[in-house]
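So the structure is just underneath, and the comments pick up after that.
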Amino acid sequence: MSRQTGVVRGVLLAVTLGAAMWAAGCATLPADPEQAPVQEMSDARQAIEAARAAGSPQYSPKRFQEAQSLMEQAMLSLYRGEYKLARRTALTARARAIAARKAALAVQRTP
């Protein structure tokens with residue numbers, strides 16, 4: 001197995017596990033949905049998926065990994081009921097994922 005294939009498999013496993021953890025956590029969210037940063041978490045996940053689709057794991061791996069790590073931290077904060085921290089971390093994860101996507105696209109455009 002090539003190194004790139006191993007990295008891709010590892011990333012896919014991490015995302016799958018993260019999505020499963022998040023889905024399981026939805027059942028434990030508080031009755032007041034305004035407290036939980038549901039939209040911010042969704043936006044961050046979508047930005048990470050867009051970065052992945054743009055080739056960020058290959059062309060901008062450090063930024064992409066940072067976005068994923070921040071998303072994991074945001075999920076942990078959400079599960080702990082630390083909603084303000086989860087919101088801030090999800091927003092940062094989204095911004096890093098957007099930066100990773102832009103960097104990957106820029107590298108691909110460079111001759």
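Reckoned from all heavy atoms, side chains included, excluding hydrogens, waters and symmetry mates. The residues of the chain are indexed from 1 along the displayed sequence.
- Here the CD atom belonging to Glu49 is positioned 9.5 Å from the CD atom belonging to Gln46, to the nearest 0.5 angstrom.
- With sequence neighbours left out, Ala103 forms a side chain to side chain contact (heavy atoms under 4.5 Å, CB included) with Ser60, Arg63.
- Residues Ala90 and Ala74 approach most closely at N-CB, 3.7 Å, considering heavy atoms.
- The distance from the OG atom of Ser77 to the CZ atom of Arg87 is 12.0 Å, given to the nearest 0.5 Å.
- Residues satisfying the side-chain hydrogen bond (donor to acceptor under 3.5 Å, both in side chains) test with Glu82, not counting sequence neighbours, are none.
- Residues satisfying the side chain to side chain contact (heavy atoms under 4.5 Å, CB included) test with Glu66, not counting sequence neighbours, are Leu70, Arg96.
- Ala97 and Ala67 get closest at one heavy-atom pair: N-CB, 3.6 Å.
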Checklist entry - Given the rule in the side chain to side chain contact (heavy atoms under 4.5 Å, CB included) test, do Ser69 and Gln73 qualify, once you have shown the distances and angles that lead to the verdict? => result CA-CA 6 Å; Ser69 178; Gln73 291 173 30; 3.5 Å; yes
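- Nearest heavy-atom pair, Ala104 versus Ala54, reported as atom, atom and distance to 0.1 Å: CB-O, 3.8 Å.
- Put simply, the side chain of Glu40 does not reach to within 4.5 Å of the side chain of Arg94, judged on heavy atoms.
- Residue Val107 belongs to a hydrophobic cluster whose other members are Tyr59, with links defined by side-chain heavy atoms closer than 4.5 Å.
- Applying the side-chain hydrogen bond (donor to acceptor under 3.5 Å, both in side chains) test to Gln108 and every residue at least two apart in sequence or in another chain returns nothing.
- Of the possible polar contacts, none joining the Ser42 side chain to the Val38 backbone as a donor-acceptor pair under 3.5 Å is found.
- With values rounded to the nearest 0.5 angstrom, Thr89 atom OG1 is found 12.0 Å from Glu72 atom CD.
- Here salt bridge (Lys or Arg N to Asp or Glu O under 4.0 Å) pairs that include residues 100-111, with residues two or more places apart or in two chains, number zero.
- Under a 3.5 Å cut-off, the side chain of Ser56 and the backbone N or O of Ala51 do form a donor-acceptor pair.
- Of all the heavy atoms in Phe64 and Ile48, the pair that sits closest is CE1-O, 3.6 Å.
- When hydrophobic clusters are built by joining Ile, Leu, Val, Met, Phe, Trp and Tyr residues whose side-chain heavy atoms come closer than 4.5 Å, directly or via intermediates, Tyr79 is grouped together with Met41.
- What you find for Ile98 and Ala47 is that their closest heavy atoms are CG1-CB, 4.3 Å.
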